[in-house]
Amino acid sequence: MLDIQRIRDNPESIKKASENKKSPVDIDIIISLDNRRRDTIKEGERLKSLRNTRSQDIAALKKEKKDATQVIADMKEVSDRIRKLDGQQKEVEDILHEHLIRVPNVAHGSTPHGESEKNNVVIAAWEKPAAFDFKPKDHIELGTALDIIDFPRGAKISGAGFPVLKGDGALLERALINFFLETHTRRHGYREIFPPFLVNRASLFGTGQLPKSEEQMYFIGEDDLFCIPTAEVPVTNLHRDEILDQAQLPIKYCAYSACFRREAGSYGKDTKGYLRVHQFNKVELVKMVQPETSYDELELLRVDAEYILKALGLHYRVVSLCDADLSFAAAKCYDLEAWAPGEGNYLEVSSCSNFEDFQARRMNIRYRPANGDKPRFVHTLNGSGLATARILVALLETYQTAKGAVRVPEVLRPWMQGLTKIGPR
RNA sequence: GGAGGACUAGGAUAAUGGUAAUCCAGCGGUCUUGAAAACCGCCGGCCUUACGGCCUUGGGGGUUCGAAUCCCUCGUCCUCCGCCA
């Protein structure tokens with residue numbers, strides 16, 4: 001959510017920014033609603049001031065055992081008008097709020113401008129794509145032949161988009177999660193969180209999934225709870241409605257969670273295999289920092305996520321998303337894309353974003369500056385570190401051998417029961 | 001799931017239906033070689049150039065001229081009962 005003051009001060013630039021983000025909003029109606037709101041408040045406060053002073057008079061009269069019926073009668077009328085004005089004010093504020101929460105965050109100055117994802121900018125790459133002296137298979141063929149990914153049985157017990165990992169595939173998945181968590185906690189200094197996988201509406205509003213993306217989430221109506229689409233939601237909301245000490249910042253959390261996404265409306269895109277599924281595993285990195293440091297922290301966050309890809313020896317590239325491709329709440333975002341030789345494609349395995357104070361305003365997460373000044377909103381950031389479904393795909397396809405086995409990268413072996421490769425059963 | 005109790009600022013505590021008091025912590029200052037102690041000021045939010053005004057007792061409603069206080073409702077925590085991996 002943006003500061004209404006910021007919108008009042010720069011209506012044109014906010015309007016332009018929302019158009020650049022391809023979700024234009026009507027700024028004029030927001031300004032006029034806000035004017036009505038302010039007028040109503042003004043008149044209401046004038047009457048409330050009157051009521052407060054006259055109430056004191058009534059108290060004084062009663063104390064002196066004098067008659068107060070006339071004043072009380074007058075104030076009854078004033079109170080009725082206040083009630084009416086309060087009602088109007090609430091009505092205007094509700095409508096204004098509905099508009100405000102749909103204004104997207106403004107892209108940061110360093111975010112490239114563009115018309116679509118085609119204008120995203122590749123800013124770095126690591127390693128070369130793996131070379132093969134045979135035609136590399138895709139992960140579906142590999143996973144099925146090795147009997148470590150079972151698509152048909154997943155479809156049977158749950159539906160399309162719920163593949164089952166079996167045997168060494170399940171072990172590999174678990175190894176990845178462990179490797180990610182160990183790296184970020186021990187090497188990068190993040191505190192591990194094991195969050196609830198179901199959250200309430202307030203949490204989803206805080207991180208910006210609600211109200212815009214309600215249809216993308218699994219919903220348990222009986223309890224009004226949602227399955228989390230990412231650990232970002234519970235972890236960032238940990239400090240909702242709190243005032244932190246400056247000395248606590250930066251806060252760095254990492255969390256494993258299963259992630260649930262309905263992917264409504266995305267049929268036809270990446271439908272094949274394990275690339276776009278309804279449930280996958282992810283280790284998420286979340287930071288809460290002082291505003292002045294958030295863009296430095298974004299670079300550090302990206303380095304932490306990139307470390308995993310380097311350690312796994314995967315070819316990848318870093319993409320700076322252009323404003324048109326930026327998510328609703330983000331001001332700047334880097335995607336990390338791992339190379340999948342079987343697909344012949346790059347797969348998005350991490351998004352590292354700075355939300356500035358956009359989420360913090362929605363969640364009311366502030367910190368008290370060391371000098372005792374009044375609380376300021378923190379800046380929030382998050383990034384995948386990483387998502388296993390697609391990393392598993394990149395690994396299988398990158399480390400496959402001519403004989404159809406898959407070598408296990410060195411760094412995963414401590415969690416792989418001594419396996420150096422996954423072979424046919 | 002049932003019964004009872006509680007919720008006041010960062011923390012802790014007070015207020016016969018008359019408009020939120022106090023303590024601690026924190027910040028600034030006086031004093032000091034420095035620190036501590038002591039003392040003074042600040043110490044929830046919003047509006048206002050200012051003076052000042054309005055709001056704030058877990059959330060939302062209601063009664064009343066006036067609600068932290070009375071009523072309804074929801075939430076959270078605690079105690080007990082029931083159920084349970």
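Numbered from 1 within each chain, the chains take letters A, B, ... in sequence-line order. Given the structure is predicted, the values throughout are model-derived calculations rather than measurements.
- Of the listed residues (A:Q216, A:R201, A:E232), just one forms a side chain to side chain contact (heavy atoms under 4.5 Å, CB included) with A:Q209, and that residue is A:E232.
- The residue among A:S49 and A:R366 whose nearest nucleotide of RNA chain B is located toward the 5' end is A:R366.
- Rounded to whole Å, atom P of B:rC47 lies 14 Å from atom CG of A:N35.
- Pair check for B:rC23 finds B:rG11; Watson-Crick or G-U wobble, both atom distances under 3.5 Å.
- In this structure, A:E117 and A:C322 have side chains that are not in contact, with every pair of non-hydrogen atoms separated by 4.5 Å or more.
- Distance noted for atom C1' between B:rU19 and B:rC39: 32 Å (whole Å).
- Residue A:N52 places at least one side-chain N or O closer than 4.0 Å to OP1 or OP2 of B:rC54.
- On the P atoms, B:rU30 is 34 Å away from B:rA12, given to the nearest whole Å.
- As rounded to the nearest Å, B:rG58 and B:rC7 have P atoms that lie 8 Å from one another.
- In this structure, B:rC39 and B:rG29 make a Watson-Crick or G-U wobble pair, each of the two defining distances being under 3.5 angstrom.
- The side chain of A:R46 contributes no N or O atom lying less than 4.0 Å from OP1 or OP2 of B:rC47.
- Between the P atom of B:rG44 and the CG atom of A:D241 lies a distance of 18 Å, rounded to the nearest Å.
- Between the side chain of A:H278 and the backbone N or O of A:R261, at least one donor-acceptor pair lies under 3.5 Å.
- For the pair A:E45 CD and B:rG53 P, the computed distance is 11 Å after rounding to whole Å.
- The gap from the P atom of B:rA68 to that of B:rC80 amounts to 34 Å, rounded to the nearest Å.
- Counting only distance, with no hydrogens or angles, the side chain of A:S13 and the backbone of A:N10 share a donor-acceptor pair below 3.5 Å.
- Atom CG in A:L50 sits roughly 16 Å away from atom C1' in B:rG52 (whole-Å rounding).
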Test log, rule side chain to side chain donor-acceptor pair (under 3.5 Å), inputs A:E356 and A:H379: CA-CA 4 Å; A:E356 300 183 355; A:H379 280 193; 5.4 Å; no
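- Going from atom CD1 of A:I41 over to atom P of B:rC47 covers 9 Å, rounded to whole Å.
- A cation-pi arrangement is present between A:R362 and A:F205, with the terminal nitrogen or guanidinium carbon under 6.0 Å from the aromatic centre and inside a 45° cone about the axis.
- When atom types are taken as modelled, the side chain of A:K21 and the backbone of A:P104 share no donor-acceptor pair closer than 3.5 angstrom.
- B:rA21 sits 16 Å from B:rC43 when the C1' atoms are compared, rounded to a whole Å.
- The P atoms of B:rG1 and B:rC84 are separated by 15 Å, rounded to the nearest whole Å.
- On the C1' atoms, B:rA9 is 28 Å away from B:rU63, given to the nearest whole Å.
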Under 4.0 Å protein heavy-atom contacts per nucleotide of nucleotides 62-74 of chain B, with B for base, S for backbone only and - for none: --BBS--------
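- Rounded to whole angstrom, the span from the CG atom of A:L47 across to the C1' atom of B:rC55 amounts to 15 Å.
- In this structure, CG of A:N364 is placed 14 Å from C1' of B:rC46, rounded to the nearest angstrom.
- A:T111 contributes no side-chain N or O that, together with a main-chain N or O of A:A107, makes up a donor-acceptor pair within less than 3.5 Å.
- In this structure, A:R8 places its CZ atom 12 Å from C1' of B:rC47, rounding to the nearest Å.
- In a base pair of the Watson-Crick type (N1 to N3 plus N6-O4 or O6-N4) or a G-U wobble (N1-O2 and O6-N3), with each distance short of 3.5 Å, B:rU57 is matched with no nucleotide.
- Looking at A:F219 and A:D224, their side chains come closer than 4.5 Å, going by heavy atoms from C-beta outward.
- Atom name P, nucleotides B:rU69 and B:rG62: the rounded distance is 14 Å, in whole Å.
- Across all strands shown, B:rU16 remains unpaired; no Watson-Crick or G-U wobble contact has both distances below 3.5 Å.
- Across all strands shown, B:rA6 forms a Watson-Crick or G-U wobble pair with B:rU76, both key distances being under 3.5 Å.
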